[in-house]
Amino acid sequence: MIPESFIQDLLARVDIVDVIERHLRLKKGGANYLACCPFHNEKTPSFTVSPSKQFFHCFGCGAHGSAIGFVMEYLGLNFPDAVEDLARFAGLSVPREQNPEAAARHARSMALGEIMLRAARFYYEQLKSSTKAIDYLKNRGLTGEVAKRYMLGYAPDDWTALRAEFPDYAASAQLVECGMVIDDDNGRRRDRFRDRVMFPILDGRGQVIGFGGRVLGAGEPKYLNSPETPLFEKGRELYGLFQARQAIREADCVIVTEGYMDVIALAQHGIAHAVAALGTATTPMHVQKLLRASERVVYCFDGDKAGRKAAWRALEASLEQVEDGNRLSFLFLPPEHDPDSYVRAHGADAFLQAVANAKPLSDYLLQELTERHGTGSAESRAALVAAAGELLKRLNAPLLRMQMLHQLAQMTGLAAQEIEQACQLPALAARPAEAPRRAPRRKPPSAERKLLGIILKHPTWAARLPPDLPPGDSDEWQAVAAIANLIDHGELPAGGFGALVEALRDTPHQAVVSALGGELLLDNADEADMEQEFDDTLEFLRARLVTREIERYINISRERRLDGEEQREFSRLLAEKQKSGHSKQSH
């Protein structure tokens with residue numbers, strides 16, 4: 001667990017403008033900075049970054065948060081990994097509050113990650129002096145710029161080349177654990193990769209977690225991957241995803257290929273939104289990552305038997321992950337081509353046109369089943385429906401499933417309802433169409449919301465709340481009370497509104513506080529008037545409380561006689577209300 005004090009110190013040290021400018025080009029616009037939102041397509045900038053509040057907000061899609069929130073959303077990281085990434089940017093080490101076992105696992109992961117990074121740098125330097133490796137890449141049409149972007153390297157034709165980088169080569173257990181060396185049955189140690197072009201595999205944070213190696217010459221296997229290690233699990237990772245994130249957002253599409261060179265060849269031709277599975281079948285975890293990156297996924301496979309088998313596995317892995325609104329398609333290249341050879345032979349425009357014409361998942365599924373079972377007899381149509389039904393049971397997109405049922409019904413001469421019943425599919429009721437409604441008139445903000453907005457601009461003012469003002473039950477009031485509690489315990493963070501959002505992360509108050517972020521960026525109220533508005537709001541809340549208490553005593557008196565204590569309090573409240581009324585009239 002990362003200490004809260006470190007998170008607040010981190011946010012106080014970094015500037016959200018600097019953090020976001022690592023990934024986006026920001027333009028100054030008044031007191032804030034503007035850009036086209038990286039989280040949805042737009043032509044007019046609505047993505048706003050406030051240096052004073054250390055907060056970002058998109059007025060188009062509603063995305064908002066602190067510097068940590070941006071890193072989480074943009075790089076697709078969880079909270080601890082986002083903090084790690086931001087800490088590296090700030091030159092800090094992340095302390096941990098955790099049990100000894102967890103601390104040991106974290107230290108082990110960091111040590112293995114350092115080994116992988118050193119190995120990647122070693123291979124990168126070796127490439128510079130390897131004529132045959134350079135010639136191989138040039139013959140594949142690659143430039144030094146693309147090779148650098150993907151950190152391509154070369155593993156020398158030497159059984160112990162890594163000894164030059166790791167002085168403890170012979171004794172290091174970690175070199176074995178991260179898969180860089182192998183100990184044979186005779187106790188001899190050798191490098192796993194030899195005489196190969198090296199492709200570093202990066203995780204979502206840009207850390208090297210494994211390698212793929214392409215042999216130079218006639219050796220086997222042609223491609224060799226790192227083994228499963230504490231850092232690397234093939235079924236979870238996609239080659240090139242880290243480098244492709246921005247291009248995927250700009251294209252609103254991610255292309256999934258079968259090999260490293262496919263990704264790099266496409267990037268060389270300006271198609272930078274491609275990734276590759278790592279020598280394994282597409283898994284549900286792969287699909288989850290792809291759909292987090294983009295709602296449009298195009299699987300691109302070779303047109304041969306192996307490519308079609310891989311495509312069907314990808315379809316099966318996708319069924320339970322796809323939702324209505326996602327667009328998954330399948331592109332089959334001519335049997336003699338893969339993406340690398342196709343783009344070199346026909347050019348980028350032809351390849352992108354093929355991507356645009358890719359077959360939707362629904363069409364591919366039904367076409368494939370039709371080719372397998374046919375529709376020429378009652379028996380073949382029955383087999384087709386049975387096979388389709390098993391797949392439709394796994395499809396979690398109700399509207400898409402309904403569409404496919406109607407297509408299947410037309411193909412087999414059955415009714416959609418008959419197919420549902422025969423395959424034991426749950427009936428999908430269409431939502432009745434509703435007449436368009438007029439947009440409701442926006443209500444003026446409540447006093448509690450107004451008070452919370454003021455305190456978010458001046459958090460220390462929460463300490464000025466009257467101690468005799470009882471807490472309300474609204475979300476806004478509870479958030480105000482939480483900020484006051486931070487002050488009472490000396491935990492109010494420095495670093496602006498963004499730091500305050502992080503202090504309230506994973507609490508019931510996070511949503512209401514974050515939601516006010518966009519309003520704060522637009523609010524240009526005169527600071528001189530803020531004090532008066534704060535006092536007026538408190539006075540209103542106090543007067544409302546007095547009125548409610550008076551009404552409560554009146555209701556009690558209707559049922560029984562007030563006792564002495566109650567009568568005195570009732571009289572005091574009446575006097576206070578009368579005094580408040582006179583005060584307003586005098587103003």
Side-chain angles (χ1 to χ4, degrees), residues 235 253-254 256 258 277 280-292 294-333 355-435:
C253 173
V254 54
V256 187
E258 295 185 74
T280 185
T282 305
T283 68
M285 181 61 73
H286 287 148
V287 182
Q288 289 178 20
K289 285 195 171 187
L290 291 166
L291 290 175
R292 281 201 296 267
S294 175
E295 291 185 344
R296 183 177 177 225
V297 178
V298 177
Y299 294 108
C300 180
F301 294 99
D302 302 349
D304 57 15
K305 185 176 179 179
R308 290 191 172 273
K309 185 177 180 180
W312 189 254
R313 289 179 177 174
L315 180 143
E316 291 184 311
S318 301
L319 289 175
E320 295 176 9
Q321 312 303 324
V322 68
E323 299 177 355
D324 289 321
N326 296 149
R327 293 173 294 159
L328 276 68
S329 304
F330 292 79
L331 167 61
F332 295 99
L333 297 175
V355 169
N357 295 332
K359 192 179 298 293
L361 178 148
S362 57
D363 291 351
Y364 170 52
L365 185 152
L366 294 175
Q367 177 183 311
E368 181 70 19
L369 292 182
T370 302
E371 291 177 359
R372 293 181 186 183
H373 301 285
T375 59
S377 67
E379 289 82 0
S380 62
R381 290 191 294 273
L384 170 61
V385 169
E390 289 303 310
L391 294 172
L392 292 178
K393 286 178 182 178
R394 298 165 56 186
L395 185 60
N396 286 329
L399 294 178
L400 176 58
R401 192 169 75 183
M402 185 183 300
Q403 293 287 333
M404 294 181 67
L405 275 173
H406 286 295
Q407 287 181 262
L408 188 59
Q410 291 178 349
M411 295 166 61
T412 59
L414 296 173
Q417 187 175 5
E418 291 174 325
I419 297 175
E420 285 180 334
Q421 293 172 350
C423 297
Q424 298 182 341
L425 298 177
L428 297 171
R431 185 177 299 174
E434 296 183 3

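With values rounded to the nearest 0.5 angstrom, Leu319 atom CG is found 6.5 Å from Leu365 atom CG. The distance from the CG atom of Leu408 to the CD atom of Glu418 is 11.5 Å, given to the nearest 0.5 Å. Taking OG from Ser318 and CG from Asn396, the interatomic distance works out to 12.0 Å, rounded to the nearest 0.5 Å. From Met402, atom CE reaches atom CD of Gln407 across 13.5 Å, with rounding to the nearest 0.5 Å. A distance of 10.5 Å separates CZ of Arg313 from CZ of Phe301, quoted to the nearest 0.5 Å.
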Test side chain to side chain contact (heavy atoms under 4.5 Å, CB included) applied to Asn326 and Leu400, step by step:
CA-CA 10 Å; Asn326 296 149; Leu400 176 58; over 6 Å; no
Applying side chain to side chain contact (heavy atoms under 4.5 Å, CB included) to Leu290 and Tyr299, what does each step give before you reach the verdict?
CA-CA 11 Å; Leu290 291 166; Tyr299 294 108; 4.1 Å; yes
Mind running side chain to side chain contact (heavy atoms under 4.5 Å, CB included) on Leu425 and Leu405 for me, showing each step along the way?
CA-CA 10 Å; Leu425 298 177; Leu405 275 173; 4.0 Å; yes
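Here the shortest heavy-atom pairing between Gly307 and Phe332 reads O-CE2, 4.3 Å. A pairwise comparison of heavy atoms in Gln424 and Lys393 identifies O-CE, 4.4 Å as the closest pair. Nearest heavy-atom pair across Met404 and Leu395 is SD-CD2, 3.9 Å. In terms of heavy atoms, Ala311 sits closest to Phe330 at O-CE2, 3.4 Å. The shortest non-hydrogen separation linking Glu295 to Gly325 is OE1-O, 3.6 Å. Considering all non-hydrogen atoms of both residues, Ala310 and Glu258 come closest at CB-OE1, 4.2 Å.
Heavy-atom neighbours of Glu371 CD from other residues, nucleotides or ligands within 6.0 Å: above the threshold of 12. Counting heavy atoms of neighbouring residues, nucleotides and ligands inside a 6.0 Å radius, atom CD of Gln417 does not exceed 12 of them. No more than 12 heavy-atom neighbours from other residues, nucleotides or ligands sit within 6.0 angstrom of CD on Gln403.
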Only pairs under 3.5 Å count here: list side-chain donor-acceptor contacts from residues 376-386, not counting sequence neighbours, and write none if there are none.
from: Ser377; atom 1: OG; to: Ser380; atom 2: N; distance (Å): 3.1
from: Ser377; atom 1: OG; to: Ser380; atom 2: OG; distance (Å): 3.2
from: Ser380; atom 1: OG; to: Gly376; atom 2: N; distance (Å): 3.2
from: Ser380; atom 1: OG; to: Ser377; atom 2: N; distance (Å): 2.9
from: Ser380; atom 1: OG; to: Ser377; atom 2: O; distance (Å): 2.8
from: Arg381; atom 1: NH1; to: Thr375; atom 2: O; distance (Å): 2.9

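Sorted by first and then second residue, the salt bridge (Lys or Arg N to Asp or Glu O under 4.0 Å) pairs involving residues 315-327 (not counting sequence neighbours) are Asp252-Arg327, Glu320-Arg394.
The shortest distance between side-chain heavy atoms of Leu369 and Leu391 falls below 4.5 Å.
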